Amino acid sequence: MDIRVIHCDYLIIGSGIAGLWTAIHLPADSKVAVVTKSGLRESNTEYAQGGIAVALCPMDTPELHKQDTLEAGAGLCDEPAVDVLTREGPEAVHELIDRGAQFDRRNGTLLYGREAAHRTGRIVHAHGDATGAEVERVAVEAVQGMEMVTTYEHTAAARLLIEDGECVGAEAIQFPSGQRLRFVASSTLVATGGVGALFMYTTNPPVATGDGMALALQAGCTMQDMEFVQFHPTALAAEGYPKFLISEAVRGEGAVLINNEGRAFMRDYHELADLAPRDVVSRAIHAEMRKQGGEYIRLDFSPIPQARIKERFPGILEGTRQRGFDPLREPVPVTPVAHYMMGGIACDLYGSTTIRRLFACGECANYGVHGANRLASNSLLDGLVFGKRAAGRMSQLEKLATDKRRRAAGRPAEPIAAGDEAWCEEIRRVMWEEIGIIRTGEGMREALGYLTELCSRIREEIAPSQAAMEAANMARVGRLIATAALAREESRGAHYRTDFPHPREEWRRHILITLQPGGSLGIDYRPVATY
Ligand code: FAD
Ligand code: SIN
């Protein structure tokens, strides 16, 4: 099939909050293409529940928000990045409101929810527990109203086009037709979200296969802190993929985790009890489940008045009931699951990657803001703040439309990937068991051997289907995560290994990984940025 060539000024890959917010802020007289693998709204953003953390409440300040973010990040946040997030956050949320986002209010005043490891209520939320859907609605409506933006749904970016060390666009495939598209762009932004789908149990929708990270790695980008995968403590322990999330905001309102004797156990593990940082709660649940012979921990909603549950958590109430559990009647079974990727494509504070004219933003990017453990509800804010910044930097770059670049359009495509879709299940199992909540050196070495072997097979075959392409990307990103996790010989934040169970000062640094000629992965280090 012929390759269709599309010229644009800016190519945005991904239609979650990071991609769309960037698109919205690009110059109105430019030509913007947004490609997205599924429908426009299908993304992690769409399913976000708890809300957006932002220092808007009169008792709060960006400095306090910064302190909480740094503490949760377990010594690995870059302070300048956290400053940007927390200081620019209020303006970003005001802009979202100006664009039509309906956050919950009482008597016209915004309501602020409480979540783990926040010292104060600072989470704005919409329709109780459907913040992500509201944010995505506003962003989608905004881009749909912009003549400059053309959206391409069911179109998966499959390869970044690099010429003379610069990114000149990307090649994409439309599924199921198999039509190939070549986008030739002055600047390209990767905003493809997270990696939850690499793990057997996750809150993330199936689109979260780490594609953008795999593409960036293959293109020569440096990747940062890939060992830090956040496991959310409380997904509903019911059949089905992905696992249904029970927001941390539920514990913020007073719900408690109990073991099979009905005892609230979190105070045994941390002074903040049920509102301890996510990594602490996830490991505590894991430990209690082991003590109970694998039986699930339960979340008891009864400390929250029933009227409040109905008002604040309508979606969670409906979702748990649909799956056969009723939190108004009895505690519901919960389990930790893979939720968020702290690591990603290494960027500066404007989303510039190590390749010119290639930018990254949102969950697939790493500007050092979340450290070893993201603070609850800081991710939507990340997409807003850094999306706008990336748009600013992208539009400052001179517009490139040289003949040389246009000629890239004529080049034949290389095979993208290869594989057997059955890999996916095995990758999910290996990632869950060996690179999961509790890690061991031996298990990670085995996983790395398996994933490296898979990657060596990828280059030899051609993958005509979306599933095979995703399998290849999952193997590549899984190998990255395993490499970084094995390299970090300590436990910190979300990265916990039994052979090195404590933080070590000499490991208070970022791990950088790049693909070497010949296919091996090179490791380097960078100190944490402070003032
Ligand atoms: P996403 O929103 O995941 O968007 C990525 C986009 O890239 C998607 O459109 C996807 O289809 C597309 N894509 C992927 N691969 C390709 C490809 N090859 N080609 C083209 N397109 C591609 N965070 C908070 O701050 N507050 C919360 O309350 C909260 N709750 C959450 C609840 C759930 C259930 C989940 C899963 C996450 C939650 N998070 C929350 C995290 C937050 O939602 C995400 O981290 C954030 O929305 C990521 O935004 P993003 O734009 O970077 O990625
Ligand atoms: C939640 O609502 O518990 C998820 C919030 C987040 O991931 O930040």
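Computed from heavy atoms alone, side chains included, the values below leave out hydrogens, waters and symmetry copies. Model, not experiment: these values are computed from the prediction. Remember, it's 1-based here, ligands and their atoms both numbered in the order they're listed.
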State whether the side chain of [X] and the backbone N or O of [Y] hold a donor-acceptor pair below 3.5 Å, judged by distance alone.
| X | Y | value |
| --- | --- | --- |
| Asp104 | His127 | yes |
| Asp274 | Leu257 | yes |
| Glu171 | Arg180 | no |
| Lys243 | Ala238 | yes |
| Thr131 | Gln49 | yes |
| Arg393 | Arg389 | no |
| Glu363 | Met341 | yes |
| Ser43 | Arg41 | yes |

When only distance counts, is [X] in polar contact with ligand 2, meaning an N/O pair under 3.5 Å?
| X | answer |
| --- | --- |
| Gln49 | no |
| Glu115 | no |
| Gly50 | yes |

Proximal ligand 1 atoms for [X], defined as those under 4.0 Å from one of its heavy atoms:
| X | value |
| --- | --- |
| Ala191 | 5 (C), 6 (C), 7 (O) |
| Thr36 | 9 (O), 11 (O), 12 (C), 20 (C), 21 (N) |
| Ala156 | 19 (N) |
| Tyr340 | 45 (O) |
| Ile13 | 19 (N), 20 (C) |
| Gly362 | 52 (O) |

Is any N or O atom of [X], backbone or side chain, closer than 3.5 Å to an N or O atom of ligand 1?
| X | answer |
| --- | --- |
| Asn44 | yes |
| Asn204 | no |
| Thr203 | no |
| Ser15 | yes |
| Cys361 | no |
| Gly50 | yes |
| Ala48 | no |
| Cys364 | no |
| Leu380 | yes |

Which protein non-hydrogen atom lies closest to [atom], naming both residue and atom, and how far is it?
| atom | answer |
| --- | --- |
| atom 8 (O) of ligand 2 | Ser377 N, 2.6 Å |
| atom 5 (C) of ligand 2 | Arg278 NH2, 3.0 Å |
| atom 15 (N) of ligand 1 | Asp211 OD2, 3.4 Å |
| atom 2 (O) of ligand 1 | Thr45 OG1, 2.5 Å |
| atom 2 (O) of ligand 2 | Ser247 OG, 2.7 Å |

message = I'd like to know if Glu88 and Lys388 make a salt bridge, using a cut-off of under 4.0 Å between side-chain N and carboxylate O.
response = no
ask   = Is Arg122 salt-bridged to Asp60, going by a charged N under 4.0 Å from an acidic O?
value = yes
task = Can you sort out which atoms of ligand 2 are near Glu248, meaning under 4.0 Å from one of its heavy atoms?
result = 1 (C), 2 (O), 3 (O)
Those atoms of ligand 2 less than 4.0 Å from some heavy atom in Ala376 = 8 (O)
key: Aromatic contact, Phe313 with Phe301 (centres under 6.0 Å)   = no
ask   = What about the rings of Phe231 and His286, do their centers lie closer together than 6.0 Å?
value = no
request  = Take every heavy atom of Gln230, measure it against each atom of ligand 2, and state whether any distance is under 4.0 Å.
outcome  = no
message = If the test is side-chain hydrogen bond (donor to acceptor under 3.5 Å, both in side chains), which one of Arg278, Gln230, His370 qualifies with Tyr340?
response = His370
inquiry  = Please classify the His125 to ligand 2 contact at 4.0 Å (heavy-atom distances, strictly less than): side chain, backbone, both or neither.
reply    = neither
task = Using the side-chain contact (heavy atoms from CB on, under 4.5 Å) rule, pick out the option among Ile6, Val34, Leu11 that qualifies with Tyr152.
result = Ile6
query = Only one of Thr202, Leu451, Val477 clears side-chain contact (heavy atoms from CB on, under 4.5 Å) with Met431; which?
reply = Leu451
